[in-house]
Amino acid sequence: MCVPGCLETVGRRVSRRALFQGAAVAAAAGAASSLGAMRVRAAAPRSFGRVVDLTHEMGPDFPNFSGQPQLELETMTTLGKDGYNMYRWLLVEHTGTHMDAPFHFSNDGPSADAIPVENLVVPLVIVDIRQKAEDDPDAQLTPEDVAAFESANGPIPENACIAMLSGWDLHVASEKFRGTDDQGAMHFPGFHGEAAELLIERNAAGIAVDTLSLDHGPSPDFATHYAWLPSGRWGLEAVANLAELPATGATMVVGGPKIKGATGGPSRVFALV
Ligand SMILES: [Zn+2]
């Protein structure tokens with residue numbers, strides 16, 4: 001199981017094994033080994049032993065920001081009648097665990113298909129605001145939370161995804177996930193716009209939330225969306241299982257949609273630990 005940089009490590013391991021299989025093979029392996037070592041200097045080896053699925057299962061009843069139905073599955077064929085099973089999906093892009101592409105909030109930003117793959121397999125750092133979120137469902141991840149994270153864990157690496165762990169994924173089956181009050185306002189945690197600006201300075205690739213929006217529920221102006229997405233960076237909303245991961249050290253793999261011109265879309269998201 002390999003991510004970028006790991007293949008070279010495997011190459012070197014194989015080469016070492018080959019050393020025991022004869023002089024000719026060993027000579028070739030030696031050459032491969034030094035080549036591998038040269039490449040490793042360019043891309044640090046990373047390996048993993050566990051995959052965590054950061055994706056919620058999505059069905060027509062999955063809660064969403066609009067509160068309106070956003071997914072329908074229509075049976076087109078069945079195995080018994082047609083010889084194979086197939087559905088047609090009627091789907092709003094921003095449903096379930098999904099990506100916000102820069103184009104969602106900027107007319108000249110990349111659509112989902114145009115995001116370079118190098119920005120979709122990235123170091124994952126997790127900022128835990130669960131205590132704050134438990135005390136206040138409108139909690140925001142602020143620059144102070146980023147500063148506290150960095151003093152405990154070291155600087156946020158370049159081209160990383162910074163994920164907000166509020167614990168909200170555990171509420172996905174209850175009314176608390178949207179947190180709608182009597183006036184129709186929603187209440188759930190999100191990133192503060194100033195934290196988004198700070199993370200742009202850190203040269204981050206993306207941000208992720210375990211709630212329905214990058215902005216917290218009662219946001220009147222989508223300040224975080226407007227600060228973050230027009231900078232050419234992606235967001236992920238309604239991710240799951242962040243609590244199973246260490247604060248640093250995992251690699252996130254974002255299987256975003258490659259539909260031409262998409263503003264985002266349901267994504268399969270993994271963490272390699
Ligand atoms: Zn969004």
Side-chain angles (χ1 to χ4, degrees), residues 54-56 58 62-71 91-115 119-120 122 124 126-127 129 133 137-142 160-166 168-169 171-172 176-180 184-200 204-240 242 252 254-259 261-269:
L54 304 184
T55 322
H56 282 289
M58 174 173 58
F62 192 88
N64 60 58
F65 190 86
S66 75
Q68 302 299 311
Q70 295 199 162
L71 170 66
L91 175 72
V92 175
E93 288 173 318
H94 298 261
T95 304
T97 301
H98 71 273
M99 170 192 283
D100 282 12
F103 180 54
H104 188 35
F105 272 70
S106 63
N107 277 329
D108 55 357
S111 49
D113 54 301
I115 297 172
N119 293 352
L120 296 173
V122 296
L124 174 60
I126 297 173
V127 181
I129 63 158
D138 294 337
Q140 297 185 81
L141 193 161
T142 62
C161 174
I162 294 83
M164 176 193 80
L165 167 56
S166 73
W168 234 247
D169 59 332
H171 305 311
V172 73
K176 189 168 179 174
F177 196 65
R178 296 182 81 249
T180 312
M186 287 186 283
H187 300 278
F188 52 75
F191 276 85
H192 194 286
E194 288 171 10
E197 281 162 19
L198 174 63
L199 294 172
I200 291 169
I207 53 176
V209 294
D210 53 7
T211 58
L212 280 173
S213 175
L214 305 179
D215 287 273
H216 72 158
S219 168
D221 54 8
F222 297 114
T224 299
H225 277 83
Y226 278 113
W228 187 255
L229 298 175
S231 78
R233 294 166 169 83
W234 49 261
L236 286 171
E237 293 169 334
V239 302
L242 292 170
M252 180 185 248
V254 183
K258 201 169 178 178
I259 296 176
T263 72
S267 301
R268 194 73 188 257
V269 185

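Start at 1 and go down the list; that is how both ligands and their atoms are numbered.
Using modelled atom types and a 3.5 Å distance limit, the side chains of Asp138 and His216 yield no donor-acceptor pair. Side-chain polar atoms of His94 and Asn64 form no donor-acceptor pair below 3.5 angstrom.
Judged as a side-chain hydrogen bond (donor to acceptor under 3.5 Å, both in side chains), and not counting sequence neighbours, Ser267 has no contacts.
How far CD1 of Ile162 is from CG of Leu199: 4.5 Å, rounded to the nearest 0.5 Å.
For the Zn ion (ligand 1), protein N, O or S atoms under 2.8 Å: 4 in total.
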Starting from the C-alpha separation in whole Å, work towards a yes-or-no answer on side-chain contact (heavy atoms from CB on, under 4.5 Å) for Val209 and Phe191.
-> CA-CA 8 Å; Val209 294; Phe191 276 85; 3.5 Å; yes
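Of the options Val127, Asp210, Ile207, a side chain to side chain contact (heavy atoms under 4.5 Å, CB included) to Met164 is made by Asp210 and by none of the others.
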